[in-house]
Amino acid sequence: MRDAYHEELDSIGDGLVDMARLVGSAIGRATTAILDSDLKLAESVIEADKKVDELHHDLEARAITLLARQQPVATDLRIVVTSLRMSADLERSGDLAQHVAKLARLRFPERAVPQDLHATILEMGQLAQRLMAKAAECIITKDVDLALQLEQDDDAMDLLHRTLFQHLIDDRWKHGIETAVDVTLLGRYYERFADHAVAVAKRVVFLVTGEHADDIQSEIQSATDTEGA
C-alpha cells in the first residue's frame, strides 16, 4: 500500500511536469501565431488547452483522493497541497497562452503586432517559454538554487514589459487605439505567464524546504549585507 501511495505521489509530480511542458510549448506557438498571423497555428493552441485543463482536473482529483484516503502528514501533506497550487498556476499559464492565440485569431488576416514591436514580442514569448522550461526542471530536480534564480530571470520580462509600455505612450505612436489595446493585453499576458512560472518555482522551494522562497531570499540578502558591511 505504501509503495502504491508513493507511486501516486510521484505520478502527481510527473503530471505537473507534463503540464509545464505543454504550456511552455503553447506560449511559444502562440507567439509565432500572433507574429505571423497564422490562423491554423492559433487554432491548434486554442484546442490544445483542453489537454492542459484535463491534466489539471485529473491531478486535482488524484490529489484530493490521496488526501481523503491516506490522510498524509508532514512532508507528504506539503507535497500534495503544494502540487495542487502548482497545478492551478500551470492551468492559468495555459489560459494565458490561449489568450495570445485567440487574439491572433481575432485579428486574422491582419497582424495584431506592428512590425516595429515584433522583436520585443518575440523576445517576451521566448523568455516566457524559457522561464516555464526552468520551472519544469525545478519540479523534476527539486533544485532550490535554480528555483530561487527564476525570480531574478523574471526581471528581464519586467524590463521588456516596461519597454513595450514606453512605445505605447510615445508621442510618435501611429498604430491607433485598437492596436494599442492589443499590445497592452499581450504585454500583460506574457508578464502574467512569467509570474506563474516564478510562482511554480517558489512552490518547489516550499515543497523541498518547508520555507517560503521570499523568506529564504531575505535571509540570503541579509547575510550578503552583513558580509559586505
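Below, all heavy atoms of this structure are taken into account, side chains as well, without hydrogens, waters or symmetry copies.
With values rounded to the nearest 0.5 angstrom, D53 atom CG is found 11.0 Å from E60 atom CD. Distance check, rounded to the nearest 0.5 Å: CG of D89 to CE of M19 gives 9.5 Å. Between L84 atom CG and L59 atom CG the span is 6.5 Å, to the nearest 0.5 Å. Atoms OG1 and CG, from T120 and L186 in turn, are 11.5 Å apart once rounded to the nearest 0.5 Å.
Side chain of S37 to backbone of E110: a donor-acceptor contact under 3.5 angstrom is found. In this structure a side-chain-to-backbone donor-acceptor pair under 3.5 Å is missing from R105 to A42. Between the side chain of R21 and the main chain of A133, no donor-acceptor pair closer than 3.5 Å is present. Checking side-chain atoms of D170 against main-chain N and O of R172 turns up a donor-acceptor pair under 3.5 Å. Formation of a donor-acceptor pair under 3.5 Å by the H118 side chain with backbone atoms of V113 is found in this model.
Listed by chain and number, the residues in a side chain to side chain donor-acceptor pair (under 3.5 Å) with H56 are S87 (sequence neighbours excluded). Annotation: salt bridge (Lys or Arg N to Asp or Glu O under 4.0 Å) contacts of D58 (sequence neighbours excluded): R62. Evaluation of the salt bridge (Lys or Arg N to Asp or Glu O under 4.0 Å) rule for K50 yields E47 as partners, not counting sequence neighbours. Residues satisfying the side-chain contact (heavy atoms from CB on, under 4.5 Å) test with A147, not counting sequence neighbours, are C138, A201, V205.
The aromatic rings of H212 and F206 lie parallel to each other, with less than 30° between the two planes, well short of the 60° mark.
Pairs of residues two or more places apart, or lying in two chains, that qualify as side-chain hydrogen bond (donor to acceptor under 3.5 Å, both in side chains) and include a residue from residues 130-141 are K134-D153. Residue pairs meeting the side-chain hydrogen bond (donor to acceptor under 3.5 Å, both in side chains) criterion with at least one member in residues 154-163, sequence neighbours excluded, do not occur.
Shown here for L90 and V23, the closest heavy-atom pair between the two residues is O-CG1, 3.5 Å.
In summary, the side chains of S44 and R29 do present a donor paired with an acceptor at a separation below 3.5 Å, with no hydrogens or angles considered.
Test V100, L164, L131 against Y190 for side-chain contact (heavy atoms from CB on, under 4.5 Å) and you get one pass: V100.
Enclosure of atom NZ in K51 is not indicated, since only 12 or fewer non-hydrogen atoms of other residues, nucleotides or ligands lie within 6.0 angstrom.
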